[in-house]
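Throughout, protein chains are lettered first and strands after them, A, B, ... in sequence-line order, and every chain is numbered starting at 1. Please read all numbers here as calculations on a predicted model, not as lab measurements.
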Amino acid sequence: MTALQKQSIAAWLFAGVAVALSLHTWLSTPEKLARLQRRAADLETVHHLSTRWDAEMAYQQSLKAAGQIRPPDLPEMAARALEGKPQPRIQFRPARPALEGWQVREAQVEWDHVPYSLLAIFLDYAGGFRPGWRLQEISFHPDAEGAQGAVSLVLEALEMETP
Amino acid sequence: MKTPRSISTAIGIEISEDRLVLARMKRRATPQTLYAGPLHCAQATKALDDARMDMEKGRAFAAVSAPANLTLIRHLEAPFASLRKAEKIWPALLDVTLPFPVENACCLFTQMHLEKKHAVTLAAAIRESDLQATLAKVQEAGLDPTHCQAEALALWAGHIAEKPAIRETTPTLLVWIGEAYTLCLRGIGNRLTAAHVLRHPQPLKPDHEESRKAFIGLFTNRFPDILNEHRKITEESTFNVWWCGPGAEHPAGLQALQSPAVAGGIVLRHGVHQAMGSFLARALARSALAADDTNFRTGALLHPLCRKLQNRAASRICSRVMAASVLLIAINGFWHQRLNAQAERLQSDLFEAARTIVGPSLQRGQELLMVERTITRRDEETAPFRRSMDTAGMEGRIGILLEALLAQNIEVSQLRVAPGALSMEGHAPRIEAVEAFKHSLENQDWTVQLDSPGKSPEGRTLFLLKGSRI
């Protein structure tokens, strides 16, 4: 084999590799660019999500900082809010774990017969604390008069778990 | 394979028994006659030596002609319109027109073009033994020429270079008068169509009256036939006739050749080439430089200088292909590297961003999946905080609901509201009032089902309403 033949074979081998590589680049680049775009979009989404709970975190930090780590005692609060008025039956449910040492307490509050105006006073009073008892569910059956009846509430409050 | 164009000078050599003409041609310059005179003299030897030196140093090509009386020119026509396909059958078509086998011949195929949807070409062929004998004769004189051109083709190329036809349809004849034979080339415009060789009964000498008369006799006898032959392929009635060659340098002889009696009734416009005696040598030099496929020295007969140039040109092409390939590979590599680096950077950024959400348990490549899981879990964990922060809360929404009921004069006998669920029973003055309430719920993104079981004893419309919201 002459030097020219060897050179020719080498040149065509290089050319073949170059063409194959170019073809590969041409075929794979659109997919790679699309993948990069998807990844950039994912990054944008994750950046956006990282601030998703900023308000909640700030809120729990503020509660912690202010030492407001448990809600008022519900029966005591009901007695104070509805002094001399029909008192509800209160039944606590098991607490559920929440974020970073907090737990959620739930209580079912029931009246067989209560004026709705009194109910509004009670809910307003219960929600006025930090952390307060907030209404989760309500169910009522008005009696014949319409402005009063049987009421069942589910209230929820945040509480710092004690070790 | 064409001769590479890396040499810019060519020397055309016309050599006969006792005469030598040398002409030098440089690219993009007019050719110069170096020597024209007797072959056996010191000046001729020096001119040949100079030519050989130039050639041996790779500064010039040296071109001689394959005698026209040993060369056959044939017009070939393929029965189809593909030049590429026709190239494969030209030798077979030529073979049937040759008096010797094409395998024993050196052949050239030029002027390939399409004519009336047929591929046509002009072929030149010479016996290999004749070509070798011609080369041996020149080598005896002390020079191994790089080119051995088909004489007719070189002359015609020289003619159209010096006197190109103005119109493509003009019938043209080129008459080159040599010592042993005269070559009559017939063409239309710039295209050669046929060649005729008139062998002289005795060598034509300028100062030999008897030989001149014998030649004039031969010419006046044969030329009208050649003109008539040409008249068959053209509708023009006026032919241009150009004269050249050492035999045309004698004014009285040329005048006799140009007499109207020779024309046989056809109108001839005569013209002469400048420096007629060195026309062939100039044409050979020009053809060698033009690399116009008129060189019989190809294949096994290729001159070592031409082979070296071909190899050098091939080597240069290989180097360029290799350099271009390396560049292409580098560009591709750079592009892939850039894309990969960008992907890696984005991946790292994504990992870091996801880790702020997921925490240290995050695994590389599972960022989105783990972020989604974390979000679902964390949304649940933070929901009580959101509810606790919500100033209006469920209490506010119940208030709005009750106001809407009051506005429509709807009385509720049972109401249950929980996050994402609502059920209600009651009665209203008319069904339109309940539907208006239903629309107000739908406007707050509730999906509502309304059912009306009938009327109460008081005539009010009873209804059952169920709603859900994600």
Side-chain angles (χ1 to χ4, degrees), chain A residues 2-4 7-8 10-19 21-22 24-25 28-29 32-33 35-36 39-40 42-43 45-47 49-50 52-53 55-57 59-60 96-100 102 104 120 123-124 127 130-132 134-142 146 152 154 156-158, chain B residues 311 314-315 317-329 331-333 335-336 339-340 342-343 346-347 349-350 353-354 356-357 367-368 371 374-375 378-391 393-395 398-399 402 411-419 421 423 426:
Chain A
T2 64
L4 182 63
Q7 196 185 1
S8 173
W12 288 118
L13 274 176
F14 269 92
V17 171
V19 168
L21 198 57
S22 301
H24 168 68
T25 303
S28 66
T29 294
K32 278 191 174 182
L33 288 176
R35 206 182 301 155
L36 282 180
R39 201 163 288 181
D42 289 348
L43 182 62
T45 308
V46 171
H47 272 310
L49 288 173
S50 64
R52 187 182 174 98
W53 306 285
E56 288 87 336
M57 298 308 284
Y59 177 66
Q60 68 104 0
R96 287 183 284 115
L99 198 68
E100 296 183 2
W102 292 83
V104 181
L123 287 174
D124 190 41
R130 257 170 71 92
R134 301 301 302 266
L135 180 64
Q136 266 295 90
E137 286 180 37
I138 182 166
S139 171
F140 60 83
H141 300 266
S152 170
V154 175
E156 175 190 86
L158 287 164
Chain B
N311 287 348
S315 171
I317 289 170
C318 286
S319 302
R320 285 176 187 171
V321 167
M322 219 182 287
S325 304
V326 168
L327 183 68
L328 208 53
I329 289 168
I331 290 170
N332 277 297
W335 176 248
H336 280 287
L339 285 183
N340 290 343
Q342 207 172 340
L346 276 173
Q347 178 66 41
D349 290 352
L350 183 64
T356 62
I357 296 172
E367 291 84 357
L368 270 195
V371 162
T374 306
I375 284 169
R378 220 165 157 85
D379 270 349
E380 280 174 22
E381 286 173 349
T382 52
F385 289 89
R386 272 192 298 284
R387 290 195 289 267
S388 182
M389 286 157 62
D390 188 358
T391 47
M394 177 74 88
E395 300 86 339
I398 298 285
L402 292 174
E411 287 186 19
V412 178
S413 56
Q414 191 177 335
L415 173 68
R416 188 168 189 280
V417 183
S423 68

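For chain B, the nearby parts of Leu21(A) are the backbone and the side chain; heavy atoms of each come within less than 4.5 Å. Within the 4.5 angstrom heavy-atom criterion, atoms from both the backbone and the side chain of Gln7(A) approach chain B. In this structure, chain A has heavy atoms under 4.5 Å from both the backbone and the side chain of Ile375(B). Residue contact with chain A, scored on non-hydrogen atoms closer than 4.5 Å, involves the side chain of Ile357(B) exclusively. Of the two parts of Ala120(A), neither the backbone nor the side chain holds a non-hydrogen atom closer than 4.5 Å to a non-hydrogen atom of chain B. For Ile331(B), no part sits under 4.5 Å from any heavy atom of chain A, backbone or side chain. Contacts between Ser28(A) and chain B at a heavy-atom distance below 4.5 Å involve the side chain alone, from C-beta outward. For Glu411(B), no part lies near chain A; criterion is any non-hydrogen pair under 4.5 Å. Looking at Arg52(A), the atoms closer than 4.5 Å to chain B (heavy atoms on both sides) all sit in the side chain, from C-beta outward. Asp379(B) touches chain A through backbone and side chain together, each having a heavy atom under 4.5 Å away.
Among Ser315(B), Ala421(B), Gly426(B), the residue making the largest number of heavy-atom pairs under 4.5 Å with chain A is Ser315(B). Of the listed residues Ala353(B), Ala323(B), Gly333(B), the one with more heavy-atom pairs under 4.5 angstrom with chain A than any other is Ala353(B). Here Leu339(B) is the residue among Ile398(B), Thr356(B), Leu339(B), Val371(B) with the most heavy-atom pairs under 4.5 Å with chain A. Put simply, of Leu13(A), Leu33(A), Leu43(A), the one with the most heavy-atom pairs under 4.5 Å next to chain B is Leu43(A). Most heavy-atom pairs under 4.5 Å with chain B: of the set Val154(A), Val17(A), Thr45(A), Leu135(A), this distinction falls to Leu135(A). Listed options Gln347(B), Met322(B), Met389(B) were ranked by heavy-atom pairs under 4.5 angstrom with chain A; first place goes to Met389(B). With chain B as the partner, the residue from Ala55(A), Ala157(A), Gly16(A) showing the most heavy-atom pairs under 4.5 Å is Ala55(A). Ranking Ala15(A), Ala40(A), Ala18(A) against chain B, the residue ahead of the rest is Ala18(A), based on heavy-atom pairs under 4.5 Å. For chain B, the option among Val19(A), Thr2(A), Leu49(A), Asp124(A) with the highest count of heavy-atom pairs below 4.5 Å is Leu49(A). Taking chain A as the reference chain and counting heavy-atom pairs below 4.5 Å, the highest number among His336(B), Gln342(B), Arg378(B) is found for Arg378(B). Between chain A and the options Ser319(B), Ala354(B), Ser413(B), Ala343(B), heavy-atom pairs under 4.5 Å are most frequent for Ser413(B).
With hydrogens and angles ignored, the 3.5 Å screen pairs no side-chain donor or acceptor of Ser388(B) with any backbone N or O of Pro384(B). No donor-acceptor pair closer than 3.5 Å links the side chain of Arg416(B) to the backbone N or O of Ser423(B). A donor-acceptor pair is defined here as one N or O able to donate and one able to accept, closer than 3.5 Å; no such pair exists between the side chain of Asp390(B) and the backbone of Arg386(B).
Taking the six-membered ring where the residue is Trp, Phe385(B) and Trp102(A) present perpendicular rings, their angle passing 60° and hence far from 30°.
When side chains are defined from C-beta on, Asn340(B) counts as touching Lys32(A), because their heavy atoms get closer than 4.5 Å. Taking the side chain as every heavy atom from C-beta outward, Arg134(A) and Arg387(B) never approach each other to under 4.5 Å.
Around the CZ atom of Phe14(A), the shell of radius 6.0 Å holds no more than 12 heavy atoms that belong to other residues, nucleotides or ligands.
Salt-bridge check for Asp349(B) with Arg39(A): failed, with every basic side-chain N at 4.0 Å or more from each acidic carboxylate O.
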